[in-house]
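Just so it is clear, the values below take in all heavy atoms, side chains as well, and ignore hydrogens, waters and symmetry mates.
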Amino acid sequence: MQMTTFEPGEPPVRRNRLDSNTVARLDDVTTFAQLLDALELVRMDHPDARILCTLDDLGQCAYTSMHATLGLVEADSHDPHAPDDPAATHHAENATVSRIAALLDNLSTRVPWESLRDTRNASEDELTALVAANRSPDRVVDDVVLIQRVPVDRDDLAIAGIPNGYFADDWSTYDNHTVIRRMTTHGYRHIAIGASLLAFARPTPPTPEQAAALVTDLTHLYGSPTAIAWHELAVLLPTQRQLILGYAENFADALTTDTEGAAGQP
């Protein structure tokens with residue numbers, strides 16, 4: 001794996017970065033462990049912010065995130081920055097992140113946890129794919145990953161740096177934020193978002209009791225409470241720090257096909 005780092009505010013090269021808050025690019029990523037190690041290094045370099053990265057299908061993730069951003073905030077027709085003014089561009093992009101974070105943190109617009117019951121309504125095959133992804137998380141990481149420095153003060157608001165949930169049958173950015181907040185109650189920090197998947201990590205694996213409580217909440221989201229997959233996940237989770245969830249209608253597609261980062265660069 002190769003890591004290329006950038007300074008915040010450095011003029012972005014669009015095919016290499018999401019915006020001026022992209023502080024690292026990982027090429028030839030082959031394992032989820034490499035991703036976790038890289039995130040720790042970037043956090044040490046940017047202790048004043050939260051860190052979030054892309055996950056599956058970088059090109060589609062960047063495209064839908066752009067549209068999700070536009071859907072969350074008004075078009076920046078009033079934005080005074082010029083394309084050749086890096087400082088103004090960086091200021092405007094930080095302001096957009098702040099606006100999205102404020103929207104997500106507004107109690108009047110938050111999506112209640114209860115309203116997400118059975119919203120993914122997963123089939124047996126989808127739940128099998130979800131367990132497989134958690135058992136073998138290397139398969140969900142694109143071979144190109146972009147890491148964002150997100151200027152917010154809470155981990156759950158880091159999604160404001162790569163908002164996603166664009167299509168009507170996906171969880172929206174607001175829905176994803178509710179799921180993220182719920183996962184924090186189980187000790188998980190949101191670390192990555194792709195075109196279809198969310199990734200989380202804990203400092204240590206959950207206990208069997210903690211894993212059972214988590215599976216109860218996941219059943220709330222995905223339904224099929226009697227599926228054998230839930231027992232398999234409850235046994236698996238206490239052996240690892242990471243958690244992979246699908247937020248898109250077709251999330252299982254991202255778990256059953258190989259990603260091709262070189263073809264998916266923005």
Side-chain angles (χ1 to χ4, degrees), residues 12-22 24-26 29 35 50-76 92-93 96-101 103-104 109 111 116 119-122 126 129-130 133 139-150 152 156-181 183 190-200 221-222 244-266:
V13 178
R14 290 297 173 183
R15 63 186 173 84
N16 291 331
R17 302 170 65 186
L18 294 176
D19 60 26
S20 64
N21 275 312
T22 302
R25 174 187 168 104
L26 310 179
V29 185
L35 183 64
R50 297 301 184 267
I51 303 300
L52 186 68
C53 71
T54 60
L55 191 61
D56 59 287
D57 198 343
L58 173 56
Q60 182 70 7
C61 173
Y63 176 78
T64 51
S65 181
M66 175 187 67
H67 283 285
T69 298
L70 293 174
L72 286 164
V73 298
E74 296 176 357
D76 291 327
E93 289 171 343
T96 295
V97 170
S98 295
R99 291 172 66 189
I100 294 173
L103 289 169
L104 296 175
T109 56
V111 172
L116 294 179
T119 48
R120 284 278 56 87
N121 194 24
E126 288 171 327
L130 191 66
R139 67 196 303 177
V140 310
V141 185
D142 206 335
D143 63 0
V144 177
V145 170
L146 300 181
I147 303 178
Q148 293 293 105
R149 171 193 176 275
V150 188
V152 295
D156 69 284
L157 294 174
I159 192 176
I162 316 176
N164 229 320
Y166 168 63
F167 295 111
D169 292 326
D170 298 347
W171 286 337
S172 69
T173 305
Y174 287 103
D175 296 337
N176 280 331
H177 182 234
T178 293
V179 173
I180 289 164
R181 287 190 294 108
M183 294 305 103
H190 181 214
I191 60 169
I193 185 168
S196 301
L197 307 174
L198 303 169
F200 303 82
L221 296 171
Y222 294 93
I244 310 298
L245 300 180
Y247 73 85
E249 180 189 22
N250 60 344
F251 74 86
D253 292 347
L255 305 177
T256 56
T257 58
D258 293 331
T259 56
E260 295 180 2
Q265 297 177 35

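- In this structure, CG in Asp57 is found 7.0 Å from OG in Ser196, a value given to the nearest 0.5 Å.
- No donor-acceptor pair closer than 3.5 Å links the side chain of Thr54 to the backbone N or O of Gly194.
- Panel note: side chain Asp170, backbone Glu249; a donor-acceptor pair is recorded below 3.5 Å.
- Between Ile191 and Phe200 there is no side-chain heavy-atom pair separated by less than 4.5 Å.
- Atom CD1 of Ile51 sits about 7.5 Å away from atom CZ of Arg149, to the nearest 0.5 Å.
- Closest approach of Asn21 and Asp19 over heavy atoms only: N-OD1, 2.8 Å.
- Between the side chain of Thr22 and the backbone N or O of Ile147, no donor-acceptor pair lies under 3.5 Å.
- The main-chain N or O of Ala195 is found under 3.5 Å from a side-chain atom of Tyr247 such that the two form a donor-acceptor pair.
- Leu157 has its side chain out of reach of Val150: every pair of non-hydrogen atoms, C-beta onward, lies at least 4.5 Å apart.
- Panel note: side chain Thr109, backbone Leu103; a donor-acceptor pair is recorded below 3.5 Å.
- A donor-acceptor pair under 3.5 Å is formed between the side chain of Glu93 and the backbone N or O of Ser20.
- Side chain of Arg50 to backbone of Ala158: no donor-acceptor contact under 3.5 angstrom is found.
- Atom CG of Leu70 is separated from atom OH of Tyr166 by 9.0 Å, given to the nearest 0.5 angstrom.
- Residues Cys53 and Leu35 have side chains in contact (heavy-atom distance under 4.5 Å, counting atoms from C-beta outward).
- When only modelled atom types and interatomic distance are considered, Glu126 and Asn121 share no side-chain donor-acceptor pair under 3.5 Å.
- Between Leu18 and Met66, every side-chain heavy-atom pair lies at or beyond the 4.5 Å cut-off.
- Checked against ring-ring contact (aromatic ring centres under 6.0 Å, His included), His177 has no partners two or more places apart in sequence or in another chain.
- At a threshold of 4.5 Å between non-hydrogen side-chain atoms, the residues Ile193 and Leu198 count as touching.
- Of all heavy-atom pairs between Val145 and Val141, the closest is CG2-CG1, 3.8 Å.
- For the atom pair Ile162 CD1 and Ile100 CD1, the distance stands at 11.0 Å (nearest 0.5 Å).
- Looking only at distances, a side-chain donor or acceptor of His190 sits under 3.5 Å from a matching main-chain atom of Ala192.
- Side chain of Thr178 to main chain of Val111: a donor-acceptor pair is present (N/O by atom type, distance under 3.5 Å, no hydrogens or angles).
- In this structure, the separation between CG on Leu245 and CH2 on Trp171 is 6.0 Å, given to the nearest 0.5 Å.
- For the residue pair Ser172 and Asp175, a side-chain donor N or O sits within less than 3.5 Å of a side-chain acceptor on the partner.
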